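What follows is a short report on a single structure.
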Amino acid sequence: MATYPHGLRCRLVRSPEATPSGRHVLGRVAFLGHHSAPAVRAGASEIGIHLVGAEVERVTEVWETDSPVVSGMYQDLAYAHDGEYLFCAGQVPEGGSYREPVRNAYRAAFDLIGKLDYPHVMRIWHFIGDINRANADGMEIYRDFCLGRAEAVDHHLGRAGDMPAATGIGALGGGISWYLLASRSGRVRNLENPLQVPAPSYPHLYGPRPPKFARATSFSPPGIDGAGDLFVAGTASILGHETVHAGDIAKQCDVTLGNMAMVMSRENLLAHGIDDGRTLKDLRFVKVYVRRAEDLPVVRAACAAAFSDTAEIVYFTVDICRSDLLVEIEGIAPYPRS
Ligand SMILES: O=C(O)c1cccc(O)c1
Ligand SMILES: CC(=O)C(=O)O
């Protein structure tokens, strides 16, 4: 993915293969037909997320570095780190309420980040079973999750503390599976999108505490100018804070892609003090989440037109954090651009 010293690299692997020589695996995220608990396997942190039916191609996202890795378990979190990068994965079991277990899981991760000294979190992913269903108290599970996360973030960063680009999406299995990437000395800058209200400022209409994430995160290792690796958060058909084009998959794709293009644009990077600019064609690793399987052909066509032929694009059929959203897309535009 990147050619700077201490390179962090992502690969999407469709069948088991050997790690290229000189590379070391920090984390493996296997998208499977079942969940598997975070564990250390062959020296790397590994988690299995139930995101595909038995009939669908399985894929593993592999995070590699070029320095040797130390791995271990910390309170149910499986982690690996190389002196510059930390990968950490966790799973909150299925239950009637997520507020407290999510708060505890986030606290464990903040503790680990502090203890190991990787203060710059650059990206987080969460896969939430029954995301649109009610918990035992009648609150939508996504809102319940957001509440626990917001409380942990308040505690560790303070109310104004900002969080990096994230994904919060459905899963086929229950509970919450999640993983993050952090760095020791790189520079993390969280970006907003002028077309969207920052998620942490969403009105109470969407739940008692807002989702704490940025629209994109620029990660620059020491010595690299510009945006470095640009992580674009899970993005959907939201303008301002409102869902637009409920029920219309083609229009939701257009708005989603427009939001992604805007957050990466030169205009937006300059507005955040970053002298750089990217387009949808710079995205190399794209995950596309589609609520209804019957919408896949329309979404595939929109993505094929928008993204580069050399982009790796993976499609999953899962629920999305608002019941009226039909599609959500995330991606990574790595440094250097090609
Ligand atoms: O709550 C989140 O972290 C989140 C982030 C991005 C998209 C999304 O649907 C949810
Ligand atoms: C996708 C989503 O949940 C958001 O942008 O708020």
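Every value quoted in this text rests on a predicted model; they were computed, and no experiment measured them. Every number for a ligand or one of its atoms is a count from 1 in the order of the listing.
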Q.
Using a 3.5 Å cut-off on N or O atoms only, is Tyr142 in polar contact with ligand 1?
A. yes

**Q.** Interfacing atoms of ligand 2 (cut-off 4.0 Å, heavy-atom, Ala236)
**A.** 1 (C)

Q: Write out the residue and atom name of the closest protein heavy atom to atom 3 (O) of ligand 1, then the distance separating them to 0.1 Å.
A: Arg149 NH1, 2.7 Å

Q) Do Arg143 and Asn132 get their side chains close enough for a donor-acceptor pair, meaning under 3.5 Å? A) no

Q: Return the option from His126, Glu328, Lys212, Met163 holding the heavy atom at the smallest distance from atom 9 (O) of ligand 1.
A: Glu328

Q: Please determine which of Arg123, Glu61, His126 meets the side chain to side chain donor-acceptor pair (under 3.5 Å) test together with Tyr179.
A: Glu61

Q | Of all pairs that satisfy salt bridge (charged side-chain N to carboxylate O under 4.0 Å, His left out), the ones with a partner from residues 175-186, not counting sequence neighbours | A | Asp117-Arg184

Q | Nearest non-hydrogen protein atom, atom 5 (O) of ligand 2 | A | Arg215 NH1, 2.7 Å

Q. Any idea which part of Cys321 is under 4.0 Å from ligand 1, heavy-atom wise: side chain, backbone, both or neither?
A. side chain

Q. Are Tyr106 and Trp178 an aromatic pair by the rule of ring centers under 6.0 Å?
A. yes

Q. Does Asn259 offer a backbone N or O that forms a donor-acceptor pair with the side chain of Thr235 under 3.5 Å?
A. no

Q | Flag, side chain of Arg278 to backbone of Ala333, donor-acceptor distance under 3.5 Å | A | yes

Q | Ring centres under 6.0 angstrom apart (Phe31, Phe316) | A | yes

Q | Aromatic ring proximity Tyr85/Tyr118, centre distance under 6.0 Å | A | no

Q | Nearest-option assignment for atom 8 (C) of ligand 1, heavy atoms, candidates Gly168, Ala199, Ala236 | A | Gly168

(Q) Check for me whether Glu330 has a heavy atom closer than 4.0 Å to any atom of ligand 1. (A) no

Q. Which protein heavy atom lies closest to atom 3 (O) of ligand 2, and at what distance to 0.1 Å?
A. Cys321 SG, 2.7 Å

Q) Given Ile238, Asn193, Val327, which has its nearest heavy atom closest to atom 2 (C) of ligand 2? A) Ile238

Q: Examine distances only and state if a side-chain atom of Thr167 and a backbone atom of Trp125 form a donor-acceptor pair shorter than 3.5 Å.
A: no

Q.
Taking 4.0 angstrom as the limit and counting only heavy atoms of Pro211, give me the atoms of ligand 1 inside it, by number and element.
A. 1 (O)

Q) Which residue owns the protein heavy atom closest to atom 6 (O) of ligand 2, what's the atom, and how far is it? A) Tyr202 OH, 2.5 Å

Q: Write out the residue and atom name of the closest protein heavy atom to atom 6 (C) of ligand 1, then the distance separating them to 0.1 Å.
A: Ala166 O, 3.2 Å

